[in-house]
Amino acid sequence: MNHSNRRIGVIGLGYVGLPLALLFARKGYEVTGIDTDQGKITDLENHNSYIPDISDSVIKSALSSGKLTLTTNDEAVTFLDIIVICVPTPLTNDGDPDLRFLSTVSEDLFPRLQNGQLVILESSTYPGTTRDVIQPILEKSDLRVGENLYLGYSPERLDPGNQRLSVEEIPKVVSGISDHCLTYTADFYHTIFEEIVPASSVEVAELSKLLENSYRFINISFINEIAMLCDRLDINAWEAIDSAATKPYGFTPFFPGPGIGGHCIPVDPLYLYWVGQKHGFQNHFLALSEQTNQHILTYVTEQVKQEIEKKKNIKDANILLCGISYKKDSNDVRHSPSLQMMRNFRQMGAEVGYHDPYVPEVVLGGQTFKSLPLTNERLAQTDGVVIGTDHSTWPLQKMLDHAMFIYDTRNQTKDLTGKAKVIVLGGGDTEK
């Protein structure tokens with residue numbers, strides 16, 4: 001397959017699709033970005049980026065070059081050579097895989113597919129999705145995968161906020177339904193990424209993505225359990241982790257926090273757990289990790305409540321959450337533990353506000369909350385400040401000098417002192 005003049009389409013312009021579309025355009029391809037959200041298209045057309053890692057100038061440059069066009073019209077896929085699908089794969093309310101976005105895209109695609117097109121799925125999903133769910137829908141077009149239509153799977157590996165590695169430097173796992181599908185998928189991504197990692201089947205590639213995030217899910221849950229134990233033992237977990245990390249082999253440091261957020265790590269392991277159950281297998285590590293992930297939120301809010309109630313009833317208290325996004329220097333609030341902390345404190349009867357420079361407003365329980373200015377007066381009048389996200393922009397000394405009480409879930413106040421009483425998650429009973 002000659003890729004020199006290929007026209008690429010990216011369906012879904014979120015945290016995965018938009019960076020990919022811009023990368024393809026930068027590599028010289030003619031790229032069509034497709035999203036059903038007219039608001040996103042309008043923002044991009046006005047050179048406004050909704051992802052912190054991507055500057056407005058990058059959007060402007062891509063559009064001005066003519067290499068990137070944007071649309072909400074599905075008919076655009078008729079004129080494309082390669083179609084990359086990057087739509088959400090969330091969980092249902094029952095915790096099962098929710099493939100409605102994938103199914104909808106596939107149903108929209110099949111009447112518009114053309115002979116020889118290559119379709120690549122990037123969305124995280126359980127082993128068997130590409131072959132058993134996507135392929136049958138696409139073949140309703142009367143085209144046959146591996147003969148005159150090509151279908152591949154390549155799990156996304158984007159790491160928002162990572163300044164150490166560019167997107168193209170991250171090795172790219174690729175797979176295909178057939179040998180030809182794999183070859184065409186690998187050949188295309190070879191023109192984009194520095195290293196290609198072929199998988200022998202789409203199921204191997206699908207599992208590899210769930211394995212990566214389940215590994216992190218289990219280890220973060222484990223270290224949160226250690227943090228709670230260290231509070232009981234009066235040992236600083238953070239110091240113990242730093243000490244263990246000096247071992248040059250056999251140990252990878254993970255760090256405590258108020259819970260696991262984002263679209264991948266809290267979701268992908270449950271996809272793996274679900275598919276195990278479907279095959280009569282119980283993954284005990286994942287089940288225990290999910291329990292711990294849920295418990296750490298309760299633990300943190302109870303710790304804050306106990307400290308505040310040394311002076312007043314929690315129902316008379318006001319609490320300020322610093323950081324509502326799930327990740328450092330990000331505006332992504334999907335599955336954010338800080339949102340659940342807000343719910344927990346509100347259920348306790350406390351008045352809760354938040355400050356986050358990356359998230360100007362957020363909707364919780366049908367109510368819109370706006371980010372509050374982090375003034376000296378607000379810090380002084382707040383009964384408890386909870387650092388939920390480790391943004392690099394926090395004025396930590398200001399917070400320590402004016403707040404009465406800070407609960408630090410990210411060890412941001414390490415080696416700093418001030419007027420505020422500080423309790424660090426996993427810091428033991430020692431108080432600053």
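Looking at S221 and N293, their side chains never bring a donor and an acceptor atom within 3.5 Å of each other. Of the N and O atoms on the side chains of D356 and S371, not one donor lies less than 3.5 Å from an acceptor on the other residue. Between Q306 and E302, the side chains place no donor N or O within less than 3.5 Å of an acceptor N or O (distance only, hydrogens not considered). T42 and E45 share no donor-acceptor pair across their side chains, judged by distance under 3.5 Å alone. Y29 and T191 form a side-chain donor-acceptor contact under 3.5 Å, judged by distance and modelled atom types alone. Side-chain atoms of S57 and S55 form a donor-acceptor pair, as typed in the model, at a separation below 3.5 Å. In this model, a donor atom of one side chain and an acceptor atom of the other lie less than 3.5 Å apart for D231 and Y299. Checked by atom type, the side-chain pair D268/N213 shows a donor-acceptor distance below 3.5 Å.
Contact check for S166 versus E169: side-chain heavy atoms found under the 4.5 Å cut-off. For the pair N219/T252, no side-chain contact is recorded, criterion being any heavy-atom separation below 4.5 Å from C-beta on. Taking the side chain as every heavy atom from C-beta outward, N331 and S325 never approach each other to under 4.5 Å. For the pair I54/L22, a side-chain contact is recorded, criterion being any heavy-atom separation below 4.5 Å from C-beta on. Counting only heavy atoms from C-beta outward, the side chains of F255 and N411 never approach each other to under 4.5 Å. Using a 4.5 Å cut-off on side-chain heavy atoms (C-beta onward), L18 and L20 make no contact. The side-chain heavy atoms of T129 and Y271, taken from C-beta on, include no pair separated by under 4.5 Å. Side-chain contact between Y407 and L425: present, with at least one pair of heavy atoms (C-beta onward) separated by less than 4.5 Å.
Applying the salt bridge (charged side-chain N to carboxylate O under 4.0 Å, His left out) test to pairs two or more places apart or on separate chains, those with a residue in residues 238-258 are D242-K414. Residue pairs meeting the salt bridge (charged side-chain N to carboxylate O under 4.0 Å, His left out) criterion with at least one partner in residues 194-206, sequence neighbours excluded, are R131-E203.
For the pairing with I85, the side chain to side chain contact (heavy atoms under 4.5 Å, CB included) check across V10, V16, L102 returns one residue only, L102. Of the candidates V119, L99, I137, V87, I137 is the only one forming a side chain to side chain contact (heavy atoms under 4.5 Å, CB included) with S106. Partner I11 forms a side chain to side chain contact (heavy atoms under 4.5 Å, CB included) with one of V84, D108, V77, T32 and no other, that one being V77.
If you look at Y358 and H391, their ring centroids are closer than 6.0 Å.
One finds the CG atom of N344 at 11.0 Å from the CG atom of L339 (value rounded to the nearest 0.5 Å). Distance CD1/I34 to CG/L70: 10.0 Å, rounded to 0.5 Å. Atoms OG1 and CG, from T409 and D390 in turn, are 8.0 Å apart once rounded to the nearest 0.5 Å. A distance of 9.0 Å separates CG of N224 from CG of L297, quoted to the nearest 0.5 Å. The line from CG of L270 to CD1 of I265 is 12.0 Å long, rounded to the nearest 0.5 Å. Within the model, atoms CD1 of I218 and CD1 of I223 stand 13.5 Å from one another, a figure rounded to the nearest 0.5 Å.
Under the side chain to side chain donor-acceptor pair (under 3.5 Å) criterion, E122 pairs with K172, Y189, sequence neighbours left out. Residues satisfying the side-chain contact (heavy atoms from CB on, under 4.5 Å) test with Q294, not counting sequence neighbours, are E290. D332 is linked by a salt bridge (charged side-chain N to carboxylate O under 4.0 Å, His left out) to R334, counting only residues two or more places apart in sequence or in another chain. Residues meeting the ring-ring contact (aromatic ring centres under 6.0 Å, His included) test with Y126, sequence neighbours left out: W274. With sequence neighbours excluded, no residue satisfies salt bridge (charged side-chain N to carboxylate O under 4.0 Å, His left out) with K328. Residues meeting the salt bridge (charged side-chain N to carboxylate O under 4.0 Å, His left out) test with E156, sequence neighbours left out: K209. With sequence neighbours excluded, the residues that form a side-chain contact (heavy atoms from CB on, under 4.5 Å) with R346 are V352, L364, Q367, F369. Legend: residues meeting salt bridge (charged side-chain N to carboxylate O under 4.0 Å, His left out) with K140, ordered by chain and number and at least two apart, are E107. Partners of F24 according to the ring-ring contact (aromatic ring centres under 6.0 Å, His included) rule, which considers only residues two or more places apart in sequence or in another chain, are F188. Residues passing the ring-ring contact (aromatic ring centres under 6.0 Å, His included) test with H355, sequence neighbours excluded: W394.
Although no hydrogens or angles enter the test, the distance criterion places a donor-acceptor pair under 3.5 Å between the side chain of S208 and the main chain of A205. Using a distance-only test at 3.5 Å, with no hydrogens or angles considered, no donor-acceptor pair links the side chain of S141 to the main chain of L113. Counting only distance, with no hydrogens or angles, the side chain of D329 and the backbone of S392 share a donor-acceptor pair below 3.5 Å. Using modelled atom types, one side-chain atom of N148 and one backbone atom of R144 make a donor-acceptor pair closer than 3.5 Å.
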Show the numbers, then the answer: is there a side chain to side chain contact (heavy atoms under 4.5 Å, CB included) between Y50 and K40? CA-CA 8 Å; Y50 41 81; K40 285 183 178 178; 3.7 Å; yes
Working note: T72 + T36, criterion side chain to side chain contact (heavy atoms under 4.5 Å, CB included); need CA distance, chi angles, decisive distance, verdict. CA-CA 5 Å; T72 58; T36 57; 5.9 Å; no
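Salt bridge E361/K370: present, at least one basic N to carboxylate O contact under 4.0 Å. Salt bridge status for K67 with E30: absent, with no side-chain N to carboxylate O gap under 4.0 Å.
Taking the six-membered ring where tryptophan is involved, the planes of F254 and Y215 are perpendicular, since the angle between them exceeds 60° and thus also 30°.
Within a 6.0 Å sphere centred on CZ of F251, other residues, nucleotides and ligands contribute more than 12 heavy atoms. No more than 12 heavy atoms of other residues, nucleotides or ligands sit less than 6.0 Å from atom CG of D179. No more than 12 heavy atoms of other residues, nucleotides or ligands shown are found within 6.0 angstrom of NZ on K60. Around the CZ atom of R216, the shell of radius 6.0 Å holds no more than 12 heavy atoms that belong to other residues, nucleotides or ligands.
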